[in-house]
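Worksheet: the structure to be examined is printed underneath.
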Amino acid sequence: MDEMKLNQSQREAVTSTEGFIRVIAGAGSGKTRALSHRFAYLVNDFGILPGNILCVTFTNKAANEMRQRIHNLTGDNDTGYINTFHGFCVSVLQEDSYAVQYPKSFLVLDNSDIDDMLRIIYEERGLTLRDMTFANARDMFEIQKLFKKPEYYLDLINLSLDALHEKYLNAVGTNDILFYGYLYQQKKCFGLDYNDLIKFTLYIFREHEDIRLKWQKRLEYIMIDEFQDIDDLQYELMEVLCGYHKNLFIVGDPDQTIYTWRGANVKYLNGFDTQFPGTKTVMMNENYRSTPEILAVCNSLIRKNKNRIKKDLVSMQPHGASVLCHHARNAEEEAKWVVGQMYMLHEQGVPYKDMTVLYRAHYLTRQVEEVLLKAKLPYAIYSGVQFFARMEIKDSLSYLRMIAYKDDLSFRRVVNTPKRNMGQRRMKFLEEYAQANNCTLYDALLKNLDHEIMKGTKADKFVKLIERFAATYANRPVSEVLSAILDESGYEAALRTEGSQERLDNLAELKQSVYDYETTCGEEVTLEHYLSHVALFTNTDAIEAGDKVKLMTVHAAKGLEFPYVFLIGMNEGVFPSRKVRTIEGMEEERRLAFVAMTRAEKRLYLSEADGINIDSSPRYPSRFLLDIDQSLLEYTKPPQDGLIRDASNYIRNAEQRLLDQNDPELYPVGTRVQHAILGAGTVLDLDKDNNAYVIQFDTLPTPRTIAFRVKLMRA
């Protein structure tokens, strides 16, 4: 082992091999280096065979990177089991799936495979998306399998295909029809989804002691990365696998737990030493990524969280520039400031690829994209598409173009969006007619509404819609026209039926952008004027490969690092998200902000904007900015006392409404309670999304939803 490449805490982690070892590794502390060197130490110095080591990472990308590092350190093409939990389970099942009567060539299903199965079920049983969207159906399958019907896999394993088909045909109720239809489709192709992989593996280990013991003996050393992201099933699998040799090495950072919504449970990392007495804990706090100025801000922010293992990151880098904070008059001014800073950096010789904009949600890119395009600065969006290139934005603008221009491109895009039974056969007819008569596709439709081929379509409704708007749009504000056409066309309703919340958020942002444009430009704004203005932002051919600014969500940036980071939208209701209802949820949002800030290497920029939210509420600076020791921030202009006072009052009131999900004073379901006005009743449910009880009062025929903050007594 080349110990010169490791610091003292990394070396301690690498050479601690026997028993239970917990490494608390802060952001940028070199945990991947420690993991790969530990693997190499076991192989090169101990002589352990790579096939007797399991190293679990949480993404396939991380697993590939780890394999490459270990190969370089050991020179051995055998890198053992370096995989995700799910990938490791595939290895187990490929070897031992005979135990559940599955062939070695079973199919691992992804979401598109599941959707294809759903289409078959919907058609067979006469269901539509109004009964349940595909996304909701997939979520329901996960809930049923993991929580409500955990015995499902016994049906998949033990029932014959005919018996499972019978169960499906006899099912009543949308949930059961879809669930058993899905199990039947799975069995037909011997398909397993992600939840099945771990469930089936655990089932085999539970039912077949010989197979369990074989794997336990084989895996002499187990290492798990990103342990703060482990969920209940993965933890159960880990406990089984380390049950023989009892050599378990885990690495994680409680301050980077940002996936509880996917089932991650930080209690497993925080309480590891209690669960496994005799655990050795190694702290890795030396940070090789960020300047002391950046880390001081990050440490100051995360100290506000109560549920954490106390530690401070220590920078190994020389001092650098201050953390710069900017308060803008509105979102457009915020974007202009960000781009102005980028321009100055570039003038100083910093390439664009060293600059990254991070944000809480994709819709926040719109203003930044507009300004970047106007300034002709190249950029690329990661884990997403450009705002004006997104499906729902292009559809909406095409509706506006249809009203004004009735052009063929817009017609093709929206005539069957939402569905109007205008499929390929009818489009081909219109294309041939338009070509023969030298007219537009819209004119072709207009002249053939009574044709036999148009029977059974909603073509006449589409034409009436466009004609009505075309006759009246000139006298209406563009923002009003946009809202009305999205409503009356049924487009927005179709997105709601699909359950596409992110797309709906993007539509809200588009409406806001039109309103902003109107208020900026005044009376001269016509529909044609706006469309010509926005055409600039739909031209995605202007950006070529090469030196580009990066734009991405904070979740997408996890595990990455960038020289210069601009964290935008630091406003209440944006970051932290307006959807946060609990104290635990707010701590996770703060951890997410911590993850965002710790991505920066050389300089961190924080920005937020004044103005009005789309729900007409005033915008306040994020509590996360106020959490930071103000002496650690440099402001472009000192914040006004009145603004800070108003923001603090708003935040104080908002924090009082946060629910403590671990509050022992909350009454459980079934409790008899007394309300000061409504009298006695029974708690039917706890609506934790809305911080409220659902109570059936004795004197009322239907239940009432009562906020937790209202004082109730036991009846």
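Heads up: numbering here begins at 1 and tracks the sequence. Everything numeric in this text was worked out from a predicted model, so none of it was measured.
Taking each heavy atom of V14 and A34 in turn, the nearest pair found is CG2-O, 3.5 Å. Between F249 and R38, the shortest heavy-atom distance links the atoms CD1-NE, 3.1 Å. Considering every non-hydrogen atom in both G585 and V580, the closest pair reads C-CG1, 3.6 Å.
Proximity of R496 to L504: side-chain heavy atoms (C-beta onward) are separated by under 4.5 Å at one or more points. Taking 4.5 Å as the limit, some side-chain heavy atom of F594 sits within range of a side-chain heavy atom of L313. The closest side-chain heavy-atom distance from N7 to Y288 is below 4.5 Å. With contacts defined as side-chain heavy-atom distances shorter than 4.5 Å, the pair L358/V565 qualifies. Between R603 and L345, every side-chain heavy-atom pair lies at or beyond the 4.5 Å cut-off. Within the 4.5 Å cutoff, no side-chain heavy atoms of V357 are placed close to those of Y605. Under the 4.5 Å side-chain criterion, counting only non-hydrogen atoms from C-beta, Q367 is not in contact with E334. A 4.5 Å side-chain heavy-atom check between K311 and D253 finds at least one atom pair inside the cut-off.
A salt bridge is absent between D354 and K602: the closest approach of a Lys/Arg side-chain nitrogen to an acidic carboxylate oxygen does not fall below 4.0 angstrom. Checked for salt-bridge contact, D627 and R303 miss the test: no charged N lies under 4.0 Å from a carboxylate O. We find that E587 and K306 are not joined by a salt bridge, their nearest charged nitrogen and carboxylate oxygen being 4.0 Å or further apart. A salt bridge between E226 and K31 is present, with a side-chain N of the basic residue lying under 4.0 Å from a carboxylate O of the acidic one. Between R138 and E142 there is no salt bridge, since none of the side-chain N atoms of the basic residue sits less than 4.0 Å from a carboxylate O of the acidic one. Taking a cutoff of 4.0 Å between a charged side-chain nitrogen and a carboxylate oxygen, E608 and R619 do not qualify as a salt bridge. Salt-bridge check for R360 with D505: failed, with every basic side-chain N at 4.0 Å or more from each acidic carboxylate O.
In this structure, N571 contributes its side chain and A609 its backbone to a donor-acceptor pair below 3.5 Å. No donor-acceptor pair closer than 3.5 Å links the side chain of E509 to the backbone N or O of L364. Checking side-chain atoms of D547 against main-chain N and O of K353 turns up a donor-acceptor pair under 3.5 Å. In this structure, the side chain of S290 does not engage the main chain of L295 through any donor-acceptor pair within 3.5 Å. Under the 3.5 Å distance criterion, the side-chain polar atoms of D196 are matched with a main-chain donor or acceptor of D193. Of the possible donor and acceptor atoms, one in the side chain of S513 sits under 3.5 Å from a partner among the backbone N and O of L510. Counting only distance, with no hydrogens or angles, the side chain of D273 and the backbone of T279 share no donor-acceptor pair below 3.5 Å. Side chain of R599 to main chain of F562: no donor-acceptor pair is present (N/O by atom type, distance under 3.5 Å, no hydrogens or angles). In this structure, N287 contributes its side chain and S29 its backbone to no donor-acceptor pair below 3.5 Å. The main-chain N or O of V595 is never found under 3.5 Å from a side-chain atom of Q256 such that the two would form a donor-acceptor pair.
Taking the six-membered ring where the residue is Trp, Y268 and Y235 present parallel rings, their angle staying beneath 30° rather than reaching 60°. Relative ring orientation between Y352 and H346 is described as parallel, the plane-to-plane angle staying below 30° on a 0-90° scale split at 30° and 60°.
Under the 3.5 Å distance criterion, with hydrogens and angles disregarded, a donor-acceptor pair is assigned to the side chains of Q630 and Y635. Looking only at atom types and distance, the side chain of N305 has a donor-acceptor partner in the side chain of R590 under 3.5 Å away. Side-chain atoms of S315 and R289 form no donor-acceptor pair, as typed in the model, at a separation below 3.5 Å. Checking N649 against R652 by side-chain atom types alone, a donor-acceptor pair falls below 3.5 Å.
Separation of atoms CG (N195) and CZ (F141) is listed at 11.5 Å; rounding is to 0.5 Å. To the nearest 0.5 angstrom, I198 atom CD1 is 6.0 Å from L237 atom CG.
Each of R366, H362, E392 was compared with N506 under the side-chain hydrogen bond (donor to acceptor under 3.5 Å, both in side chains) criterion, and only E392 meets it.
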Are T291 and H319 close enough, and set up right, to give a side-chain contact (heavy atoms from CB on, under 4.5 Å), and what steps lead you there?
CA-CA 6 Å; T291 64; H319 282 277; over 6 Å; no
Walk me through whether K550 and L560 qualify under side-chain contact (heavy atoms from CB on, under 4.5 Å).
CA-CA 12 Å; K550 300 179 182 73; L560 304 177; over 6 Å; no
Tell me, with the steps shown, if M342 and Y379 meet side-chain contact (heavy atoms from CB on, under 4.5 Å).
CA-CA 12 Å; M342 289 176 174; Y379 70 94; over 6 Å; no
Show, in sequence, the C-alpha distance, side-chain angles and deciding distance for L269 and I24, and conclude whether the side-chain contact (heavy atoms from CB on, under 4.5 Å) test is met.
CA-CA 9 Å; L269 177 57; I24 305 296; 4.0 Å; yes
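Within a 6.0 Å radius of OH in Y343, no more than 12 heavy atoms belonging to other residues, nucleotides or ligands are found. Residue K558 qualifies as enclosed at atom NZ: its count of foreign heavy atoms under 6.0 Å is above 12. The number of heavy-atom neighbours closer than 6.0 Å to CD of Q640, taken from other residues, nucleotides and ligands shown, is 12 or below.
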